[in-house]
> 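Right, I'll just put the structure down here and ask away after.
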Amino acid sequence: TMENVSNKHDIEFFYTRDYLQRSRITKDPKKYGVQGGFFVTKPNLDIFQHMKQLILKGDYRQSLGWAKKSYGGFWGASQIQGFLSYYYGEIRPQHAVELNRCIYNTMVDDDP
């Protein structure tokens with residue numbers, strides 16, 4: 001949603017989240033993985049370099065997630081699904097917008 005974005009020109013990341021996978025290490029849905037098959041980014045070399053630094057640092061643990069912040073416990077958590085959830089959930093949340101998964105990237109699921 002757009003509530004946490006002060007200026008629409010500051011948006012860097014649109015995404016949907018994979019709520020059905022949930023997480024084995026947290027019940028906080030804000031820390032569930034982004035849908036790796038659908039996200040849109042605004043190209044920015046500085047952001048890319050920062051992401052690359054964090055990935056190469058390798059601060060991911062299976063039982064604790066990225067940076068020990070519980071962004072993990074689901075398929076792809078150590079990869080793009082977990083990293084982008086962590087990056088735009090902890091580091092740059094004011095630059096991300098979660099789209100309605102019923103409209104964008106609609107996937108069949110059995111979530112009641």
> Can you confirm whether Phe83 sits close enough to Val34 that some side-chain heavy atom of one is under 4.5 Å from a side-chain heavy atom of the other?
no
> Name the residue from His95, Gln94, Glu12, Glu98 that meets the side chain to side chain donor-acceptor pair (under 3.5 Å) definition with Tyr88.
Glu12
> Restricting to non-hydrogen atoms, name the atom on Asp28 and the atom on Thr26 that form the minimum distance, rounded to 0.1 Å.
N-OG1, 3.0 Å
> Which donor-acceptor pairs under 3.5 Å do side chains of residues 46-54 form with protein atoms, sequence neighbours excluded?
residue: His50; atom: ND1; partner: Tyr87; partner atom: OH; Å: 2.8

> How long is the gap from CG on Asp18 to CD on Gln35, to the nearest 0.5 Å?
5.0 Å
> Could you tell me if the side chain of Phe74 sits less than 4.5 Å from the side chain of Arg22, heavy atoms only?
no
> Which residue pairs satisfy the side-chain hydrogen bond (donor to acceptor under 3.5 Å, both in side chains) criterion with at least one member in residues 67-85, sequence neighbours excluded?
Arg17-Ser85, Tyr71-Glu90
> Nearest 0.5 Å please: distance from the OH atom of Tyr86 over to the CD1 atom of Ile91.
3.5 Å
> Restricting to pairs with a member in residues 55-66, which pass side-chain hydrogen bond (donor to acceptor under 3.5 Å, both in side chains), not counting sequence neighbours?
none
> Kindly work out whether a path of hydrophobic side-chain contacts (I/L/V/M/F/W/Y, heavy atoms less than 4.5 Å apart) joins Phe13 to Ile11.
no
> Please give me the minimum heavy-atom distance between Gly72 and Ala77, naming the atom from each residue.
CA-CB, 3.5 Å
> Please say yes or no: joined through hydrophobic side-chain contacts below 4.5 Å, possibly via intermediate residues, are Leu84 and Leu64 part of one cluster?
no
> Does Leu99 share a hydrophobic cluster with Val40, counting links as ILVMFWY side-chain heavy atoms below 4.5 Å and allowing steps through other members?
yes
> Do Phe38 and Val97 sit in one hydrophobic cluster, given that two such residues count as connected whenever their side-chain heavy atoms are within less than 4.5 Å of each other, even indirectly?
yes
